[in-house]
Amino acid sequence: KAGVTQTPRYLIKTRGQQVTLSCSPISGHRSVSWYQQTPGQGLQFLFEYFSETQRNKGNFPGRFSGRQFSNSRSEMNVSTLELGDSALYLCASRPAGLFQETQYFGPGTRLLVL
Amino acid sequence: GENVEQHPSTLSVQEGDSAVIKCTYSDSASNYFPWYKQELGKRPQLIIDIRSNVGEKKDQRIAVTLNKTAKHFSLHITETQPEDSAVYFCAPTGGSNYKLTFGKGTLLTVNP
């Protein structure tokens with residue numbers, strides 16, 4: 001099976017702009033989670049989607065939002081970008097059945113906010 | 001929410017030595033305990049995991065041990081090799097931890 005893919009891989013934006021990142025999970029995986037990775041804070045959980053519904057949300061401001069489509073593909077949006085939003089954004093998918101907690105990560109989208 | 005602490009934050013060993021990384025968590029309902037490895041510039045990947053009904057699991061040179069009473073689990077790497085150099089993350093899961101909290105990571109450097 002093809003792995004998790006993310007587009008775009010790199011992105012440069014300026015403060016105040018908004019950005020949309022895309023994640024295609026492994027075929028058959030119904031759960032998609034998003035993480036922000038920075039050198040100082042490690043991997044921080046943004047949110048998880050399952051069957052088009054947000055199942056849980058991390059401690060990020062409302063500028064961070066997401067959605068999931070019926071084919072399990074997911075997008076996350078960040079509005080009114082700030083310099084501190086510069087990070088690697090990783091998505092991860094999993095089947096989400098019983099005993100299927102392993103996260104399969106995509107390569108990430110590296111966002112630079114100027 | 002789950003509090004996850006990982007120690008040490010950096011670890012440098014000589015090739016052939018052993019390395020141990022410890023992860024402490026707070027949610028007693030956690031029941032799945034994975035370790036992920038992230039090499040420089042690459043995505044995190046699962047290297048070993050354990051469930052709460054097992055105390056230890058081994059896979060060649062790596063092992064994970066779990067102490068549910070004390071709420072910690074550890075990654076053990078024996079006969080380390082330069083390709084083991086990476087950042088390792090723990091991510092105790094289950095119970096109320098649907099927020100999927102990862103430890104802050106341990107940078108392991110194996111010196112040839």
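Source: prediction; values computed, not measured. Letters A, B, ... mirror the listed sequences (proteins, then strands); counts begin at 1.
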Exercise. Examine whether an atom of S33(A) lies under 4.5 Å from a heavy atom of chain B, and if so say whether it belongs to the side chain, the backbone or both; otherwise answer neither.
Key: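 The answer is the side chain of S33(A).
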
Quiz item: Side chain, backbone, both or neither: which part of L43(A) has a heavy atom under 4.5 Å from chain B?
Solution: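 Both backbone and side chain of L43(A) come within 4.5 Å of chain B.
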
Is it the case that over 12 heavy atoms from other parts of the model lie below 6.0 angstrom from the [atom1] atom of [X]?
{"X": "E56(B)", "atom1": "CD", "value": "yes"}
{"X": "E5(B)", "atom1": "CD", "value": "no"}
{"X": "L40(B)", "atom1": "CG", "value": "no"}
{"X": "R61(B)", "atom1": "CZ", "value": "yes"}

Quiz item: Under 3.5 Å, is there a donor-acceptor pair between the side chain of Y35(A) and the main chain of F102(B)?
Solution: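 No: the side chain of Y35(A) does not pair with the backbone of F102(B).
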
Quiz item: So which of Q44(A), R110(A), Q37(A) has the biggest tally of heavy-atom pairs under 4.5 Å with chain B?
Solution: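 Ranked by heavy-atom pairs under 4.5 Å with chain B, first place is Q37(A).
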
Practice problem: Answer with yes or no whether the hydrophobic clustering places F60(A) together with L111(A); edges join I, L, V, M, F, W, Y residues whose side-chain heavy atoms lie under 4.5 Å apart. | Solution: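 Yes.
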
Self-check item: Cluster link F73(B) to L11(B), ILVMFWY, side chain under 4.5 Å
Solution: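 Yes; tracing contacts between hydrophobic side chains, which count when under 4.5 Å, links both residues.
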
Practice problem: Answer with side chain, backbone, both or neither: which region of P34(B) has an atom nearer than 4.5 Å to a non-hydrogen atom of chain A? | Solution: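 Contact with chain A: none, neither part.
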
Self-check item: Shortest non-hydrogen contact between V4(A) and R43(B), atoms and distance
Solution: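 So the minimum-distance heavy-atom pair works out to O-NH1, 3.4 Å.
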
Quiz prompt | Chi angles and distances behind the side-chain contact (heavy atoms from CB on, under 4.5 Å) call for E101(A), R51(B) | solution = CA-CA 11 Å; E101(A) 301 96 331; R51(B) 296 193 181 277; 2.8 Å; yes

Quiz prompt | Steps toward side-chain contact (heavy atoms from CB on, under 4.5 Å) verdict (Y36(B), T102(A)) | solution = CA-CA 10 Å; Y36(B) 291 85; T102(A) 302; 4.1 Å; yes

